[in-house]
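All remarks here apply to the structure that follows.
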Amino acid sequence: MIDDKAFFKLVLDTTPDQVVVINSVGDIVYVNRSWQNFGEQNDCACCDMWEQQNYLAECEKAAQKGDDFGLKAFNGITSVISGANNDFYLEYPCHSEDEKRWFMMRVVSFNHLENGYYAISHQNITERKLAEELVQKQLGVDGLTNIANRGYFDEFLVKEWNRCKRLNMPLSLVIIDLDDFKMLNDTYGHQQGDTCLKEVANLLNDFAKRPSDLCARFGGEEFVLVYGNTNSDQACSILYSLQKKLSALNIDNKHSLPSKTLTVSIGLTTVIPCDNFTTESLVKEADDLLYKAKNNGKNQLCVSDLAFV
Ligand SMILES: Nc1nc2c(ncn2[C@@H]2O[C@H](COP(=O)(O)OP(=O)(O)OP(=O)(O)O)[C@@H](O)[C@H]2O)c(=O)[nH]1
């Protein structure tokens, strides 16, 4: 039986997973070779000079900067240290400038010479996550917000267009763009920006309840709403209550000009589908109205009713 410290250290250095061991107050007491390599290649505070670092303090720092995953990691690790949980798993994004990456953190406790220790391993799960993203895309779901994606919207709009054309009913199309979203990203960080997009998407999705309605992410910080069998007045009244609910969310965007909290600009157009129009011209009209709203100072709704033209 081998009982040699150097031997086991070498064994731990063979794993591609980044392993770090902390004590019960979060001080790092051991890291393997993969951990050190990752730190050197990625400029990570916690991997560099690891002997002087406290893992929990690094998670807390990340959480204070608005990193949700930092907070989740902190809570998960402390739950294992306190004995509330036997172990803890967390899948989290760790994208670099030029590469999408995800990792799974796994925390397990063990005792050595009557002291409690916690082995935290980080496994690269990017391949699986990319495969999941691809499946989601094929299913028509936007990976970040979990609402419909652009591809699903394109198909839905054509179907709803044809149905409304057959039944001679109005169809309303709305394009919503978050105001000064770049500022929000720049002020609070990209991750906070992602959280904001998810919050807004959830809210908008609540305003697409009927089978003939759809809320989708059009791209970036733009969303679309389709309302079959809905005239301009009806769509406007939905959008006024949507604007109220959005402003009640009170999402900070302190450097934005229209307001210190997040606002949106909206283009709404309504048409009774016929051969004079196409789905493309409908989208273009809503987009033109959106840009009119932006140019008029943002935080407003611009409307055109083509149903009676
Ligand atoms: N966090 C995050 N940001 C995104 C995402 N998609 C697009 N963005 C950002 O959205 C910002 C859009 O910037 P702009 O097109 O200048 O628009 P804006 O700052 O909202 O300005 P206006 O439209 O004129 O009000 C860019 O900084 C993009 O990086 C995303 O998925 N997550």
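Whatever order the structure lists ligands and atoms in, that order sets their numbers, starting from 1.
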Quiz item: Among side-chain atoms of Thr269 and Ser304, is any donor-acceptor pair under 3.5 angstrom?
Solution: yes
Quiz item: With no hydrogens and no angle check, do the side chains of Thr15 and Arg33 hold a donor and an acceptor under 3.5 Å apart?
Solution: no
Quiz item: For ligand 1, is there an N or O atom under 3.5 Å from any N or O atom of Phe181?
Solution: yes
Quiz item: Does Tyr291 have Lys294 sitting over its ring (NZ/CZ under 6.0 Å from centre, angle to axis within 45°)?
Solution: no
Self-check item: Nearest neighbour in protein (non-hydrogen) for atom 7 (C) of ligand 1
Solution: Gly220 CA, 3.6 Å
Exercise. Note the single closest protein heavy atom to atom 32 (N) of ligand 1, along with its residue, its atom name and the distance in Å.
Key: Asp194 OD1, 2.6 Å
Quiz item: Does the distance from a Lys or Arg side-chain N to an Asp or Glu carboxylate O, for Lys137 and Glu133, drop under 4.0 Å?
Solution: no
Practice problem: Can you sort out which atoms of ligand 1 are near Asp177, meaning under 4.0 Å from one of its heavy atoms? | Solution: 23 (O)
Self-check item: Closest protein heavy atom (residue, atom, distance) for atom 29 (O) of ligand 1
Solution: Asn185 ND2, 4.2 Å
Quiz item: Which of the atoms in ligand 1, numbered in the order shown and given with their element, are less than 4.0 Å from a heavy-atom of Lys298?
Solution: 22 (P), 24 (O), 25 (O)
Practice problem: Under 4.0 Å from a heavy atom of Gly193: give me the atoms of ligand 1 that qualify, with their elements. | Solution: 1 (N)
Practice problem: Considering only NZ, NE, NH1 and NH2 on the basic side and carboxylate oxygens on the acidic side, decide whether Lys129 and Glu91 come within less than 4.0 Å. | Solution: yes
Quiz item: Which heavy atom of Ala293 sits nearest a heavy atom of Ser265, and at what distance?
Solution: CB-CB, 4.0 Å
Quiz item: Of the choices Lys198, Gln192, Glu221, Arg217, which has the non-hydrogen atom that lies closest to atom 5 (C) of ligand 1?
Solution: Arg217
Quiz item: Quick one: are Leu257 and Lys298 in side-chain contact, heavy atoms under 4.5 Å?
Solution: no
Quiz prompt | Numbered atoms and elements of ligand 1 in range of Asp179, under 4.0 angstrom, heavy atoms | solution = 20 (O), 25 (O)
Quiz item: Leu144 to ligand 1: N or O pair under 3.5 Å?
Solution: no
Practice problem: Out of Lys294, Lys182, Glu222, indicate the one that has the non-hydrogen atom closest to atom 27 (O) of ligand 1. | Solution: Lys182
Exercise. Would you tell me which option among Leu197, Asn295, Asp180 has the nearest heavy-atom contact to atom 25 (O) of ligand 1?
Key: Asp180
Quiz item: Cationic tip of Arg150 within the cone over Phe218's six-membered ring, i.e. under 6.0 Å and within 45° of the normal?
Solution: yes
